[in-house]
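Each chain gets a letter, A, B and so on, in the order its sequence line appears, and its residues count up from 1. What you see is a predicted model; the values in this text were computed from it and never measured.
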2 protein chains.
Amino acid sequence: MFKPITIKDIAQALELSPSTVSRALSDSYEINEETKKRVIEYAEKHNYRRNPMASSLRQGRSYSIGVVVCEVANSFFSQAIDGIESVAYGKGYHVIISQSHDAYEREVVNMQHLANRAVDGLLISMSAETKDFSHIVNLHEQGLPIVFFDRIIDAFETHTVTSNNREGAMKATQSLIDRGFRKIAHLANAPHLSITAERLEGYEDALRQNGLALDESFIRCCHHGGRIQQEVEEAVRYFLSLPERPDAVFVASDRLSMGCLSAYNKLAPKSEHPAVAGFSNSDVLDLLQPNFTCVRQPAFEMGRMAMEMLIQLIESRYPVYDFENVVLQTELMMPHRISG
Amino acid sequence: MFKPITIKDIAQALELSPSTVSRALSDSYEINEETKKRVIEYAEKHNYRRNPMASSLRQGRSYSIGVVVCEVANSFFSQAIDGIESVAYGKGYHVIISQSHDAYEREVVNMQHLANRAVDGLLISMSAETKDFSHIVNLHEQGLPIVFFDRIIDAFETHTVTSNNREGAMKATQSLIDRGFRKIAHLANAPHLSITAERLEGYEDALRQNGLALDESFIRCCHHGGRIQQEVEEAVRYFLSLPERPDAVFVASDRLSMGCLSAYNKLAPKSEHPAVAGFSNSDVLDLLQPNFTCVRQPAFEMGRMAMEMLIQLIESRYPVYDFENVVLQTELMMPHRISG
DNA sequence: TACGCAATCGATACCGGTATCGATTGCGGG
DNA sequence: CCCGCAATCGATACCGGTATCGATTGCGTA
């Protein structure tokens, strides 16, 4: 096994003290330019790499932050992560991604692993299954900076970034109404999520504003957020089984939109497909399904802002008590007009 | 700021030595059961968390491994990551994901950050842009265990996991031939990738075996692997501009398949769309596009195996000189029959 | 009685950087 | 000539665990 060279090796070789080498390598003003050059040259020549653990241990900081999302194979989250990374790299932070797979157990384990000094802060979008927040509250009480995005909770005060889910849902539902549909169903996400309630509200508001009746039987929620395609198919099968079938569906999330369209393709002939509108940040879904209206969230921007807020918390010298709750606007993408 | 309790605090409180506490917490056989219980109880009660940096620094191991892929918003890679995680968590390893975005610079930076004792090993699927492998060779020469999967290189000997790309490509192309198509184009990936050459081979083999002529003008490759939709559209536009248009296209990757279908939807009426077959691990793509034949790779299994091989390298007491190059089989998914 | 050995625990060095405090040198001003 | 101060660098403790070596005790056995 190869033994990497340390700061002490350099010190010995150049007849300097370890502290001088350390300072030279971090470009300290107290070190003579000439000395710096010697150190840096020697370090590069011998392929020196600073040991991040030793550094973190001493400094009490790791310059890395943890991101907890349900899954990365999701346009919304992957775009958000890109936004997070764009800020992080600029400010010298490293991003550690971990997936909860919408499972409570997984979320707890991942956070424990990330927490306690291994990361300087946490960006969290809650898992669908999680009802008990004590693992997060604990970390927060221990002083770990946390920022929520998208799927937030109010167990304690901190910065949050969300999009205007109510309005997005309303716009999508309204677009279906504008296109002449009246029997509009709602395929909802897991019931405990903040976004679920907000989007349901928007859906109901739109119906109400247009004098349409609310029908509980037209609402179906997926407890696993569509990560199990079977539950989506069940919901679609249910809609298809209704004596009075919906002629349109408003879908609450990216994955559910995928699953919903896919399920209809599988379970019913094209002539019987309802119009579908829903939340999605996919680049191609709207193109693949010309009849699909989607609500896009500014995912990249959300990631960017969340990361900036987190860095603010981390680098603040004093405890922060004044928290921001940013709400970003959504964008409605109408169906493409395809010739032929 | 909250000050987490350390092993020394526990030692002092229980009137033990730090080493005893350390051993008690790692369930050493040299510690009396009674003492262990006292220590563990106190630790739990006071919410003790072992500091991973100190631990890693001393042990020279971090029990975490790094994964470098081009992007996570990709069915194939996200499934592979799930496979990796399934093994990792079982063996007590933590997985750090990082994305190269198919950019050379990004790949180098990420690896540097992961490397040098911050991770115990690396699982790599090469970026499309990378032609210079010295950053990886360096790490390897320093003794960092590395396993390649999917997009491999042969700059040095190590374990690798791939799927049978040649055969997969052949099967897909053959399926198009079987369906009666004769003018089959190929939308290829970035030229330097191992998978690109292998899949091109399979495509050409299939044509040859069926007595069809190879036509260079029917092959177009995307240097950014389709991450820039514009380059896919250009290729599609090119195919559409040919005096003799292809009646079918074999597409080399997941993202390219998405992009290709999407581009055709955008650029040509449905009646002029060619049949499309290609590599894809998407759950829904084949359902959304009934006419799409896809080659699935055993992504989860690839991740699983790669991780197991990496752990073997990491935990081997002696240098390993006998390397495995596993090749897994692909599966052809024929178009669904949709009524209506 | 003496010795060997297992069980249990302590003291300490060390992992590799870095914060802290201090030492040395040189020079300008009073 | 002395003092103050800036510039430059060294010695050392320390971050929080843990490997290493040793110490102590008790007990069975030669």
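Closest to the A:Asn32 side chain, of the nucleotides C:dG17, D:dT18, D:dT8, is D:dT8. Closest approach to the B:Thr20 side chain among D:dG17, D:dC9, C:dG10 is made by C:dG10 (side chain taken as heavy atoms from C-beta onward). Distance from the side chain of A:Thr35 is smallest to D:dC9 among D:dC9, C:dC9, D:dG16. Looking at the side chain of B:Ser22, the nearest of the listed nucleotides C:dG16, D:dG17, C:dT18 is D:dG17. When the nucleotides D:dA19, D:dG10, C:dG17 are ranked by their closest atom to the side chain of A:Ser17, D:dG10 comes out on top. Distances from the side chain of A:Ser55 to the nucleotides C:dT18, C:dA13, D:dC9 place C:dT18 closest. Checking C:dT18, C:dC21, D:dG17 against the side-chain heavy atoms of A:Arg23 singles out C:dC21 as nearest.
Summarising the geometry, the separation between NZ on B:Lys37 and C1' on C:dT8 is reported as 17 Å, rounded to the nearest angstrom. If you measure from atom CG of B:Asp9 to atom P of D:dG16, you get 8 Å, rounded to the nearest angstrom. The separation between A:Gln59 atom CD and C:dT20 atom C1' is 14 Å, rounded to whole Å. Computed from coordinates, the B:Leu25 CG to D:dT18 P distance equals 8 Å when rounded to whole Å. Going from atom CG of A:Leu16 over to atom P of D:dA11 covers 10 Å, rounded to whole Å. Rounded to an integer number of Å, the gap from A:Asn51 CG to D:dC15 C1' is 13 Å. Spacing between atom OH of B:Tyr63 and atom P of D:dG17 amounts to 17 Å, rounded to whole angstrom units. Summarising the geometry, the separation between CD1 on B:Ile10 and C1' on D:dT18 is reported as 14 Å, rounded to the nearest angstrom.
B:Tyr63 and B:Tyr93 have tilted rings, their planes meeting at an angle from 30° to 60° on a 0 to 90° scale. A perpendicular orientation is assigned to the rings of B:Phe149 and B:Phe77, their planes being inclined by more than 60° (bins at 30° and 60°).
Other residues, nucleotides and ligands place no more than 12 heavy atoms under 6.0 Å from the CG atom of B:Asp154.
A donor-acceptor pair shorter than 3.5 Å cannot be found between the side chains of A:His192 and A:Glu129.
Place A:Ile7 and B:Lys36 on DNA chain C by their nearest nucleotides, and B:Lys36 ends up nearer the 5' end. Judged by closest nucleotide on DNA chain D, A:Glu15 is the one of A:Glu15 and B:Ser19 placed further toward the 5' end. Both A:Tyr29 and B:Glu30 lie close to DNA chain D; mapped to their nearest nucleotides by heavy-atom distance, the more 5′-ward contact belongs to A:Tyr29.
OP1 or OP2 of C:dC15 has not a single side-chain nitrogen or oxygen of A:Arg58 nearer than 4.0 Å.
Of the nucleotides present, C:dC9 is the one that pairs with D:dG22 by Watson-Crick or G-U wobble criteria, both distances under 3.5 Å.
Only one option out of B:Thr20, B:Asn51, B:Leu16, B:Val21 pairs with B:Ile7 in a side-chain contact (heavy atoms from CB on, under 4.5 Å); it is B:Val21.
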